[in-house]
Amino acid sequence: MTKPFKTLDDMGDVAGKRVLVREDLNVPMADGQVTDDTRLRATLATVTELADRGAKVLVLAHFGRPKGQRNADMSLAMVTKPYAQVLGRPVRFVDWDGAADAVAQMQPGDIAVLENTRFFAGEEKNDPQTVAMFAELGDFYVNDAFSAAHRAHASTEGLAKVLPAFAGRAMEAELDALERALGNPQHPVAAVVGGAKVSTKLDVLKHLVGRVDHLIIGGGMANTFLAARGVNVGKSLCEHDLTGTAEAILDAADAANCTVHLPYDVVVATEFKPNPPTRTVNVHEVAADEMILDVGPNAVEALGDVLKNCRTLVWNGPLGAFETPPFDVATVSLARTAAALTQEGTLVSVAGGGDTVAALNQAGVADDFTFVSTAGGAFLEWMEGKELPGVAALSR
Ligand code: ADP
Ligand code: MG
């Protein structure tokens, strides 16, 4: 099947060619050490394939927020050594001063990391001069950084317009998974939307009601929907000023034949701390001094049955305050059900969001989902139905 974007398969012979590869090397660091190398590992497929095909691989990336100024504390020189360890190959660091000479000396199969793209103000402005300066260094452009694709920057969007442009393997896998989950999914489709607040996910909810068959609302935001339905949520996190918006979303779901699932039993406590005394009650029995901190066991069981009848699941946001025990129970339980159905082959499951990924790791099931996106902002914008400039620029 022809994909809507070109991939490394469409590049032809790249031996001896200079390939600018946009990756996400924005890794967390402490005391000069990378504390989580997930993003570095995600580049492996593309970078090693191109090097093995004889390309001169030039990795382009940003690091931190230097705001258009050179800043030694945000130099990608620091990341180059740990990156070489992850790749298991030599990687050279190329500063912007003398970059043309350094690139001219590279041999086929060599890999280099260019200095932080955000040292130039023109990067975030997508300035044509900055684009041209980057483009001088390459014959081809590969964008492998889905997580940066919601930004129209010189290295994420501008370059795709001036050089032959292709999606890298990680970008390709991400776009394929998102297409299966929401672009062109098998129905019935369920969406789980949780997290703290409705206000941060309004656009997600509005987009999803028109696309999915079941909308499962959990987390703190469910309280706003419950309040909209006249439930007294006590001292729960609740955006009372948004109950009207919540009602409008429920109406839109009705009109679109989307079934909304709100919790009907919940776990409550009077104090928000690890392992406080809790009660499991019907939503209509929450006392004035209690907070809803997790979905209850009966609702979770019913939600598991919904997933059993679905072919596709997209998940963003935990069902409860999962960082604080025991309010991780609903999230962990439903995640395990989704993982088991995925492994049995009846469900395509795609999840994303910083806390969601942490919760799936806590449940020990991240590897059992079809795809888990670590893209954060880009994943959310995709859930909102927005066109991502970095992706749009790659389309055929
Ligand atoms: P993601 O990062 O996956 O997009 P969010 O940031 O939207 O997810 O939401 C995660 C946060 O929501 C977590 O910190 C979690 O504790 C919080 N949360 C979930 N349910 C509740 C609740 N009932 N009350 C308060 N906070 C909650
Ligand atoms: Mg979050």
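Both counts, for ligands and for their atoms, begin at 1 and track the order of listing. It should be emphasised that the depicted structure is a prediction, and the values quoted were computed from it without experimental measurement.
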Atom indices of ligand 1, in the order listed, that fall short of 4.0 Å to a heavy atom of [X]:
| X | value |
| --- | --- |
| T356 | 1 (P), 3 (O) |
| P318 | 8 (O), 9 (O), 10 (C) |
| K201 | 4 (O), 5 (P), 7 (O), 8 (O) |
| G219 | 19 (C), 20 (N), 21 (C), 23 (N) |
| G320 | 15 (C), 18 (N), 19 (C), 20 (N), 21 (C) |

Flag yes if more than 12 heavy atoms outside [X] fall under 6.0 Å of its [atom1] atom; otherwise flag no.
| X | atom1 | answer |
| --- | --- | --- |
| E323 | CD | yes |
| Q129 | CD | no |
| R41 | CZ | yes |
| E285 | CD | yes |

| request: Compare L360, D294, N316, D355 and give the one whose heavy atom is closest to atom 2 (O) of ligand 1. | output: D355

| request: Using heavy-atom distances, let me know which of G220, G194, P263 sits nearest atom 21 (C) of ligand 1. | output: G220

| message | Is there a salt bridge (charged side-chain N to carboxylate O under 4.0 Å, His left out) between R92 and D110? Walk through the geometry before answering. | response | CA-CA 8 Å; R92 70 181 71 181; D110 281 356; 3.1 Å; yes

Starting from [atom], locate the nearest protein heavy atom and write down its residue, its atom name and how far away it is, to 0.1 Å.
| atom | value |
| --- | --- |
| atom 23 (N) of ligand 1 | I292 O, 3.1 Å |
| atom 11 (C) of ligand 1 | A196 N, 3.9 Å |
| atom 9 (O) of ligand 1 | G195 CA, 3.1 Å |
| atom 26 (N) of ligand 1 | L237 CD2, 4.0 Å |

| field | Under-4.0 Å heavy-atom contact with ligand 1, by part of E323 that carries it | value | side chain

| ligand 1-proximal atoms of M291, by part, heavy-atom distance under 4.0 Å | neither

| Derivation of the salt bridge (charged side-chain N to carboxylate O under 4.0 Å, His left out) call for R396 and D10 | CA-CA 11 Å; R396 282 179 192 273; D10 300 298; 3.4 Å; yes

| request: Begin with the C-alpha distance, continue with both residues' side-chain angles, and end with the deciding distance and a verdict on side-chain hydrogen bond (donor to acceptor under 3.5 Å, both in side chains) for R22 and S155. | output: CA-CA 7 Å; R22 180 57 159 97; S155 71; 2.6 Å; yes

| request: State yes or no: are the ring centers of F146 and W382 separated by less than 6.0 Å? | output: no

| message | So that I can tick it off, tell me whether D368 and R336 are bridged by a salt bridge, with the cut-off set at under 4.0 angstrom between side-chain N and carboxylate O. | response | no

| query | Under 4.0 angstrom from ligand 1, any heavy atom of M221? | reply | no

| field | Shortest-distance N, O or S atom of D355 relative to the Mg ion (ligand 2) | value | OD2

| said: For the backbone of S75 and the side chain of E115, can you confirm whether one donor and one acceptor N or O come within less than 3.5 Å of each other? | reply: no

